[in-house]
Amino acid sequence: MLKNTITIFFLLLIFSCQKQQKEELNIYYNGEILTINNTNEIAEAIAIKGEKIEGIGTLKELEIAFANTYTLKKIDLNGKTLMPGIYESHAHPIWGAMKELYQLNFDWYIEPKELKTSIANYIETKNPKIVQGGAWGSQYFEKYNIKNPRKWLDEINSEIPIALFDDASHNMWVNSAALAFANIDKNTTSPLNGRIEKDSEGEPNGILYENATFLVRDKIEFTTSEYENAIAYAQKQALSFGITAIKVAGTNGKSIEIFADMDRKNNIDMFFAICQQTPEMVRDTALNIQEYIDRAEQNKTANIDPYFVKFFLDGIPTSSSKTAAMLCPYRDKIHHKKDYGMIHIKPEILSKDVVSFDAAGFTIKIHAAGDRSARNAIDAISKARSSNPINTRFHEIAHASFLSKEDILRMSKLNIAADLSPYLWFPSPIIDDITNTVCEENSKEFWPIKDLGDHNIRRIAGSDWPAVAEDLNPWYGLEAMITRKDPDNKSENAFIPEQAISLNEALRIFTINGAKSFMNDSISGSLEVGKYANFIILDKALAKIPASGISEINVESTYFKGEKKYTKSISN
């Protein structure tokens, strides 16, 4: 009898311990849970266990389903929104972070006197080997009557190289020391699709356009520590905005290796799809893609995917550059000449490269700011579809600022995605400059996002930080997509308002569409059972705020693979 009593006692003890050791399951409820699934379901509750989503339904359904299996921890959302993490589909996070951490930054409208003081103070306090920064606006020198930009900078310092980007990050303003650093003098010829501006005496005047900037940029190097700091900085900023995935729109081999090494050391807290950068200078031969394949194979990790590649096909359509390749000539009231912009890669070379990368399983992103460059990109992707009919990756036209109606139809048939930059979709000096520079027909068809949706073209979006946006904040761009107005209320006018889209469309662009562009929509991008618990909690319910208030949204917390990676502090 005693033996049986002892056995029963130990069995009860074991059962009690097992009961106490049940795994914990978190159930979020009493909020606006946006699943972004195929039906855009708004759920009452969601269950998370570890890295994955375990269940979605009503609170009662989840309690009944899991009470016997797990220890339930119920988390009251108090009416706030829980939704998938944001996909940032076009950014330059290392470059943006380098600017914030190591460079001199100023607004495009800064007065020359203030700029001069800022540069002088930066040199005095930082003691840099080279002054990098930006950004000056289009028509800056004309507006402030700066006759010789190089001499203007030399008055501040002619011994330390000074290299300042414009607001589009395509053109550069340098002093004599920077010209010497890059071995540029009066005898240096402009590279193809680039221009070294010269004064009346034939001397470089300090302005380098497009490919000429690489004469300076390619000589600037960064340390491993600087790369690691930049990646960590960008990642921290992204998570604070609710971003759980970034597509790096072109970077070099060294930085890709550092990304992968950081992930192997568990220092990466989000997804990164990395576009390997192809040469931006004009070339006459197709690429040997084996080095890109090898780099992708060697550096693919759980959270880093380098099976993406970036081509830079043209420039920008501002009045100072006119380098985006257009089908319709730019306006020219002074010289009355027909200027159609420039193409960086010959069509036959681009086609060979695109066919090769497509066959090797890469997703291809092509910078095409003009409608003529977009047509060349579409032509190249069309050849890839013919050569590799079994491949299904959606290649991307980056910016897709101007598209002919004919090419919009072709994009739909060829499964080409439009990579859009909505952070400028409202009246502003740079928009005014572009619309007054391109031909009148193009000025009325700028970023046709609604038309693209009407033709079932996949739309994704990114900030292009730091080239366009001040930071990675997606809510700023999301509001502009919907209202076509300035989120900062500097203008009450709307920019081509007939192209506005709905909140639901915009949310899908920033979530599940982005996940599809990463090729990981089976594991992320929406809240569905079995997918990773990559989600964010906002400080208010999206459905209860006007569209004009979206840019003011704060992210309270960001989760990646079920683990909280960001929490908004009171001081934030």
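Just so we're clear, the structure is a prediction, and the values are computed from it rather than from any experiment. The first residue of the sequence shown is numbered 1, and numbering continues consecutively from there.
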**Q** Which is it for L507 and M83 under the side-chain contact (heavy atoms from CB on, under 4.5 Å) test, yes or no, and what are the steps along the way?
**A** CA-CA 10 Å; L507 288 174; M83 61 174 281; 3.9 Å; yes
**Q** Please walk me through it: do F535 and Y28 pass ring pair (Phe, Tyr, Trp, His ring centres under 6.0 Å)?
**A** CA-CA 11 Å; F535 65 95; Y28 296 83; 5.4 Å; yes
**Q** Would you say the side chains of Y559 and N26 form a donor-acceptor pair under 3.5 Å?
**A**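 Y559 vs N26: no donor-acceptor pair found between side chains.
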**Q** Here's a test for you: under side-chain contact (heavy atoms from CB on, under 4.5 Å), which of N37, I33, I46 qualifies with I56?
**A**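 Single pass found, and it is I46.
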**Q** Let me see the working for R508 and E505 under salt bridge (charged side-chain N to carboxylate O under 4.0 Å, His left out), right down to the final yes or no.
**A** CA-CA 5 Å; R508 294 188 72 83; E505 287 178 281; over 6 Å; no
**Q** Quick one about Y476 and S463 (side-chain donor to acceptor, distance below 3.5 Å, no hydrogens or angles considered), yes or no?
**A**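 Not at all, the side chains of S463 and Y476 share no donor-acceptor pair under 3.5 Å.
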**Q** Quick one, W475 and P487 - any side-chain contact, counting heavy atoms below 4.5 Å?
**A**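 No. Closest side-chain heavy atoms not under 4.5 Å.
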**Q** May I ask you to test the S356-F362 pair for a side-chain heavy-atom distance under 4.5 Å?
**A** no
**Q** Which pair of non-hydrogen atoms, one from S517 and one from R458, has the smallest distance, and what is that distance?
**A** N-NH1, 4.4 Å
**Q** May I ask you to test the D305-I274 pair for a side-chain heavy-atom distance under 4.5 Å?
**A** no
**Q** For K561 and N303, does a side-chain donor sit closer than 3.5 Å to a side-chain acceptor?
**A**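 Looking only at side-chain atoms, N303 and K561 do form a donor-acceptor pair, the distance falling under 3.5 Å.
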**Q** Does a donor on one side chain and an acceptor on the other come within less than 3.5 Å for Y87 and N520?
**A** yes
**Q** To the closest 0.5 Å, what do you measure between NZ (K516) and CZ (F394)?
**A**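 That separation rounds to 8.0 Å.
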**Q** Below 4.5 Å, heavy atoms only, C-beta onward: do E88 and P474 meet side chain to side chain?
**A**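 With C-beta onward as the side chain, the pair stays apart.
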**Q** Salt bridge (charged side-chain N to carboxylate O under 4.0 Å, His left out), that's the test. Do K49 and E24 meet it? Break it down for me.
**A** CA-CA 7 Å; K49 184 180 77 70; E24 187 173 85; over 6 Å; no
**Q** Identify the two heavy atoms, one from L420 and one from A400, that lie closest to each other, and give their separation to 0.1 Å.
**A** CD2-CB, 4.1 Å
**Q** Quick one: do the D358 and N391 side chains pair a donor with an acceptor below 3.5 Å?
**A**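 A donor-acceptor contact under 3.5 Å links the two side chains.
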**Q** Measuring centre to centre across the rings, with the benzene-like ring taken for any Trp, is H395 within less than 6.0 Å of F308?
**A** no
**Q** Any non-hydrogen side-chain atom of M481 less than 4.5 Å from a side-chain atom of F510?
**A**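 In short, these two side chains touch, coming nearer than 4.5 Å.
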**Q** Can you check salt bridge (charged side-chain N to carboxylate O under 4.0 Å, His left out) on K52 and E54, steps first, answer last?
**A** CA-CA 6 Å; K52 301 290 183 68; E54 196 80 1; over 6 Å; no
**Q** Report yes if the side chains of T81 and I537 come closer than 4.5 Å at any heavy-atom pair, otherwise no.
**A** no
**Q** Determine whether K80 and K540 make a side-chain contact, defined as any pair of heavy atoms from C-beta on separated by less than 4.5 Å.
**A**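 K80 does not reach K540 side chain to side chain.
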**Q** Is it true that a side-chain atom of S524 and a backbone atom of D521 form a donor plus acceptor pair closer than 3.5 Å?
**A**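 Not a single qualifying donor-acceptor pair exists.
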**Q** So, Q237 and D471: side-chain donor and acceptor under 3.5 Å apart, yes or no?
**A**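 Q237 vs D471: no donor-acceptor pair found between side chains.
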**Q** When rounded to the nearest 0.5 angstrom, what is the spacing between OG in S386 and CD1 in I381?
**A** 12.0 Å
**Q** With rounding to the nearest 0.5 Å, note down the distance linking CD1 in I397 to CD1 in I408.
**A** 12.0 Å
**Q** Could you tell me whether a side-chain N or O of K485 sits under 3.5 Å from a main-chain N or O of P497, the two making a donor and an acceptor?
**A**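 Absent.
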**Q** When the aromatic ring centroids of H367 and H344 are compared, is their separation below 6.0 Å?
**A** no
**Q** Not counting sequence neighbours, which residues clear side chain to side chain donor-acceptor pair (under 3.5 Å) with K310? List them please.
**A** none
**Q** What's the verdict on side-chain contact (heavy atoms from CB on, under 4.5 Å) for L527 and I53, showing C-alpha distance, side-chain angles and the deciding distance?
**A** CA-CA 7 Å; L527 303 180; I53 298 170; 4.0 Å; yes
**Q** Could you check whether F272 and F259 have their ring centres less than 6.0 Å apart?
**A**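 So the answer is yes for these two rings.
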**Q** Cut-off 3.5 Å, side chains only: do T39 and E41 have a donor facing an acceptor?
**A**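 No.
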**Q** Carefully, step by step, assess F402 and V438 under the rule side-chain contact (heavy atoms from CB on, under 4.5 Å).
**A** CA-CA 10 Å; F402 299 99; V438 299; 4.0 Å; yes
**Q** I'd like to check Y233 versus E100 (side-chain heavy atoms, cut-off strictly below 4.5 Å). Are they in contact?
**A**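 SC-SC contact between Y233 and E100 confirmed.
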**Q** With sequence neighbours excluded, give me every ring-ring contact (aromatic ring centres under 6.0 Å, His included) pair touching residues 36-62.
**A**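 As it turns out, there is no ring-ring contact (aromatic ring centres under 6.0 Å, His included) pair with a partner in residues 36-62 once direct neighbours are skipped.
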**Q** Taking only residues at least two apart or on different chains, which pairs with a member in residues 390-419 satisfy salt bridge (charged side-chain N to carboxylate O under 4.0 Å, His left out)?
**A**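 Found K247-E396, K365-E396, K365-D419, R375-E406, R375-D407, D379-R410, K405-E445, D407-R410.
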**Q** Determine whether T71 and E23 satisfy the following criterion, side-chain contact (heavy atoms from CB on, under 4.5 Å), listing intermediate values before the conclusion.
**A** CA-CA 6 Å; T71 298; E23 291 183 276; over 6 Å; no
**Q** In this structure, is the centre-to-centre distance between the rings of F560 and F271 below 6.0 Å?
**A** yes
**Q** Just checking, any donor-acceptor pair under 3.5 angstrom between side chains of K568 and S557?
**A**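 No.
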